[in-house]
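Here is the structure we will look at.
Chain letters run A, B, ... following the sequence lines, proteins first, then strands; residues in each count from 1.
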Amino acid sequence: MSIIPSVNFKSHLADLFAQALRAVAPEAAQTDIVIERPKQVAHGDYACSLAMQLAKPLRKPPRVIAQALIGALPVSDMVEKVEIAGAGFINVFITTAAKQATVKAVLQSGDAYGRGMLGAGRRAQVEFVSANPTGPLHVGHGRGAAYGASLANVLDAAGYKVSREYYVNDAGRQMDILALSTWLRYLESLGAKLVFPGNAYQGDYVRDMAQQVSAAHGAKYLRPVEEVFAHAPDFSEQPDAHLDALIANAKRLLGEDYAYIHNHALTEQLGDCRNDLAEFGVHFDEWFSEQSLFDNGLVAHVVERLKTDNRLYQQDGAWWFRSTAFGDEKDRVVQRDNGLYTYFASDIAYHLNKFERGFDRIINVWGADHHGYIPRVNGALKALGLDSGRLTVALVQFAVLYRNGQKAAMSTRSGEFVTLRDLRREVGNDATRFFYVMRKSDQHLDFDLDLAKSQSNENPVYYVQYAHARVHSVLAQWGGETARLCEADVALLHSDYEKVLLQHLIDYPQIIENAAQDLSPHLIAFYLKDLAADFHSYYNASRFLVDDETVKCARLALIAAVAQVIRNGLALLGVSAPEKM
RNA sequence: GCGCUCGUAGCUCAGCUGGAUAGAGUAUCGGUUUCCGAAGCCGAGGGUCGUGGGUUCGACUCCCGCCGAGCGCGCCA
C-alpha cells in the first residue's frame, strides 16, 4: 500500500483496527472503534482504547488484548510504530513521511482540500432564517443566517448535496398586520387623522412603503377613516380584536385592492430581506411560499388525511391533533372553530412536502424560543407514517449585543431594534459572520461590538486573516512560481514548529467531518484560531526566505499550505481571506 | 407548577460524543523589533469542572436529587 496523500488518517486507522478486531475477536466485531488524538506527544499521534473496551466482554486483561490487536494490525506505510501504554491504550505513531506528504496534498487539492465523503452524495436540506417578511432582519435573525449558511457550507464540504431553503411566511395574520399598517400609514400620508394602533408595525420602513404606494397610485386606495375604524373594539381593552377588526374592514373596503397592498408589502420586505442576506454572503436555492401550500390544497389535503386516520378529534368546534400520543405536552389545534387553519397545519403540510421531495436529511434551523414545537412536528411526521429521524432541528440561541460593556437596548415592536444591516455596517461582514459562529449555536452569545470592530490582535477575525495575509506577503516577497512549491522537498520539514503545523493540516478534513456530524461550524472557527496561532509562532521563530534554495522551498510550501487551509476554512464561514490588510 | 437547554480560570468560551497531568482568548504582571508585516511572539500567576449521590477499569462528559440562569408552556406566527 502506498501513501495516499489526501487520506483521512483517523478513518484509515479505524479501518486497520477493524481488520485487526475481526481477526482477534470476531464475536466482538461490532464494537465501535474510537480513534482519538492524545493530548500528549509522548502518547503518539493517535490512540485507540479498543483493548480496554474489550477487556470485560472478552474476560481478558486489556494489555493482553492490546498485544493481540497489534499483532493482527495490517501493515501500513503510514504507521511508524505502535505501543501499548497505561492501562491498555494502543498508541500509534505516524511516519514523518506520511505527515510531510500532507503539504503536497493540500497544495495539489487547493480549494478542494478538506472535502470529504461523509455525506456520500446524500441530499440534505437546510432551512434557515425563514423570518416573517414583516420588517428588516434583526440581529437575532443574523445569527441564524450565519449559522445556517456556514452549516450548509460545512455539509457541502463533507460530501452532502445541499439545498438551502427559506420558508416564506406569506400567509397568515402577521402579513395582514403589515398590510394594514402600510395602508394606515398611506391614509395618514394623504392627510387622514387616525390613531395608529400600538400593536401594528411601527417602523419607518412602513411609512416608506406607504409613500411608494401614494407616489405610484395617488389616492386610489383612500377610504373614509370612520369606516376603517367602524365597529372596532376599543384598543386599550382588546388590542388584538381591535387589530383584527381593522384588518377585516381593510379587506372589505379595499376589495380586490387589498391584495395589491398586501402584495406590495410582501414583495418589498422580502426583497429587502433577500438583498440584506445576499450582502451578508447568504444565498438560498429555494424561497418556499407558505401561501403556495394553501393554494395547491396541500394543507387541506393533509388535514383531511389526518382526520380519516383518526389522528384528529373535534372539540369546542376546533380540530385537534393528538400530539400527546407522540410525547407532546398537550394536543394541538390544527383547524380553528372558524374553519381557518393554524400555523401548525401549514407547518405539517410543509414538512410533508419536504419529505416528499426526497431529502435524506432535513435540517431546520430554529430560534431556541421555538423548541416547544419540536415534539408536535415530530408527532405529526410519525402520524403521517414518516421517519422523523430524517429531521433534525438545530436550535440557535439569542445573541445579545454589548457596547462599552453594556447590553445594547433592543426592543422589537417599537421599531428601535438593531437591524442586521446596522450591525453589518458597523462591524463589517467578515467580523459579523465570524463572531456569530464563534460560539456553539445552542449557547447564548454575547456579541462584543467593540471587540468585533477593533483592528487589533484582540480580534480573532483579524488574527486569522492576518496569518493568511502574512503568508502571502512572504510569498510575494519571494516572487517565485507558487505552483513550483508542489515539488519542494518536504522531508526537510522536521522542526517542532513544523511538526505542529503538519498535524494541523492533517486534522483539517477531520474537523470538517466533526463539524458536519455535530452540526457545529464553530469547530471550524476554533480550529482556525489554533492554526493561526501556531503559524504566528512559527513565523516568529523561523526565517523562510533563507539562502538554501531547497530549505526555502520546503518552508514556503508549508506556509502556502497553511494559507490554503485558512482560506478554505474561512470560506466555509463566509469570511474573506485577504492577501493584504 | 411542568417541559427543554445550560452552569468549566476574575470575564468570554473550547473540551474530539466515556479516556492518560481539564485547555484557549481576555484581564493582571514581566519580557520581546538594526532581520520575511509587532494586527505578531515568549513567559508567570489564575480551577473542588454549580452541588450531593450513582453507574465502571476510568466521568467535565452518562443517570438521579438539589441550587441557580435562560427559554417555552395560545384556536399567535
Side-chain angles (χ1 to χ4, degrees), chain A residues 10 32 34-40 42-43 47 49 52-53 55-56 61-62 85-89 91 131-132 134 169 171-175 177 240 290 315-320 328-330 332-338 340-344 346-347 367-375 395 397-398 402 405 438-440 442-446 448 451 454-463 465-467 469-478 507 510-511 513-514 517-518 520 522-523 525-526 529-530 532-533 535-546 555-556 559 580-581:
Chain A
K10 210 168 180 176
D32 263 354
V34 179
I35 305 290
E36 56 190 24
R37 294 279 325 282
K39 288 165 193 152
Q40 295 175 62
H43 293 150
S49 57
M52 288 181 287
Q53 292 171 56
K56 196 162 195 179
F89 286 101
N91 293 335
N132 282 341
T134 53
N169 294 115
R173 185 162 177 268
Q174 294 305 318
M175 270 312 300
I177 297 174
D240 282 338
E290 179 188 8
Q315 186 182 305
D316 303 329
W319 284 94
W320 299 69
D328 199 4
E329 293 172 8
K330 50 167 78 172
R332 310 290 176 176
V333 171
V334 292
Q335 192 172 13
R336 290 178 231 164
D337 53 4
N338 62 9
L340 293 177
Y341 297 105
T342 62
Y343 173 84
F344 181 41
S346 50
D347 227 23
D369 54 333
H370 283 68
H371 72 255
Y373 267 76
I374 300 173
L395 296 176
Q397 285 284 356
F398 297 128
Y402 283 83
M438 231 168 36
R439 300 275 172 265
K440 235 172 357 189
D442 58 0
Q443 203 75 256
H444 287 271
L445 171 66
D446 289 341
D448 186 336
L451 179 61
S454 78
Q455 304 207 346
S456 74
N457 53 347
E458 301 169 18
N459 191 330
V461 192
Y462 284 97
Y463 187 77
Q465 287 179 322
Y466 180 50
R470 260 185 157 176
V471 172
H472 281 277
S473 176
V474 174
L475 291 176
Q477 223 153 112
W478 170 57
D507 287 340
Q510 185 64 45
I511 296 292
E513 209 168 278
N514 292 348
Q517 196 95 51
D518 300 345
S520 295
H522 75 277
L523 295 175
F526 279 94
K529 284 200 285 183
D530 287 344
F535 166 74
H536 285 311
S537 294
Y538 181 43
Y539 182 97
N540 272 75
S542 341
R543 276 193 69 77
F544 309 133
L545 299 176
V546 292
R555 291 178 181 173
L556 290 176
I559 65 170
K580 285 181 181 165
M581 298 172 65

Tell which nucleotide pairs with [N], taking only Watson-Crick or G-U wobble pairs whose two distances are both under 3.5 angstrom.
| N | answer |
| --- | --- |
| B/G72 | B/C2 |
| B/G37 | none |
| B/U12 | B/A24 |
| B/G43 | B/C29 |
| B/G52 | B/C64 |

When you get a sec, tell me which of [options] is the closest nucleotide to the side chain of [X]?
| X | options | result |
| --- | --- | --- |
| A/His371 | B/C4, B/C41, B/C76 | B/C4 |
| A/Lys330 | B/C41, B/G37, B/G74 | B/G74 |
| A/Gln443 | B/A20, B/C6, B/G37 | B/C6 |
| A/Ser49 | B/G19, B/C13, B/A20 | B/G19 |
| A/Ala318 | B/G37, B/A20, B/C75 | B/C75 |
| A/Trp320 | B/G74, B/A14, B/C75 | B/C75 |
| A/Arg37 | B/G19, B/C16, B/C42 | B/C16 |
| A/Lys580 | B/G37, B/G15, B/C76 | B/G37 |
| A/Met52 | B/C57, B/C6, B/G3 | B/C57 |
| A/Ala85 | B/A20, B/A14, B/C75 | B/A20 |

Contact class for A/Asp316 vs. all strands (heavy atom < 4.0 Å): base, sugar-phosphate, or nothing? base
Across the strands shown, which category fits A/Asn338 at heavy-atom distances under 4.0 angstrom: base, sugar-phosphate, nothing? nothing
Measuring only the [atom1] atom in each nucleotide, how far is [N] from [M]? A whole number of Å is fine.
| N | M | atom1 | value |
| --- | --- | --- | --- |
| B/G45 | B/G50 | C1' | 24 Å |
| B/C41 | B/A27 | P | 13 Å |
| B/G7 | B/C16 | P | 12 Å |
| B/U51 | B/G68 | C1' | 11 Å |
| B/A20 | B/C60 | P | 9 Å |
| B/G25 | B/A14 | C1' | 10 Å |

I want to check something: taking the side chain as every heavy atom from C-beta on, are A/Arg173 and A/Asp240 in contact at a cut-off of under 4.5 Å? yes
Can you tell me the distance, in whole Å, between the CD atom of A/Gln335 and the P atom of B/C76? 13 Å
Gap between atoms CD and C1', on A/Glu329 and B/G72 respectively (whole Å): 8 Å
Does B/U17 adopt a syn or an anti glycosidic conformation, taking syn as a chi angle within 90° of 0? syn
For A/Gly172 and A/His444, take the nucleotide of RNA chain B holding the closest heavy atom to each; which residue's nucleotide lies nearer the 5' end? A/His444
Per nearest nucleotide of RNA chain B, the residue lying toward the 5' end, A/Ala532 or A/Val474, is A/Val474
Regarding B/A14, can its base be found pairing with the side chain of A/Asp530 as donor and acceptor, where the two atoms are less than 3.5 Å apart? no
Check the side chains of A/Thr134 and A/Gln174 for a donor-acceptor pair under 3.5 angstrom, ignoring hydrogens and angles. no
Check whether any side-chain N or O of A/Asn459 sits under 3.5 Å from a backbone N or O of A/Leu451 as a donor-acceptor pair, and report yes or no. yes
When rounded to the nearest 0.5 angstrom, what distance separates NZ in A/Lys440 from NE2 in A/His522? 6.0 Å
Ignoring backbone atoms, test whether A/Tyr463 places a side-chain nitrogen or oxygen under 4.0 Å from the OP1 or OP2 oxygen of B/C41. yes
Does a side-chain N or O from A/His522 land closer than 4.0 Å to OP1 or OP2 of B/U12, or not? no
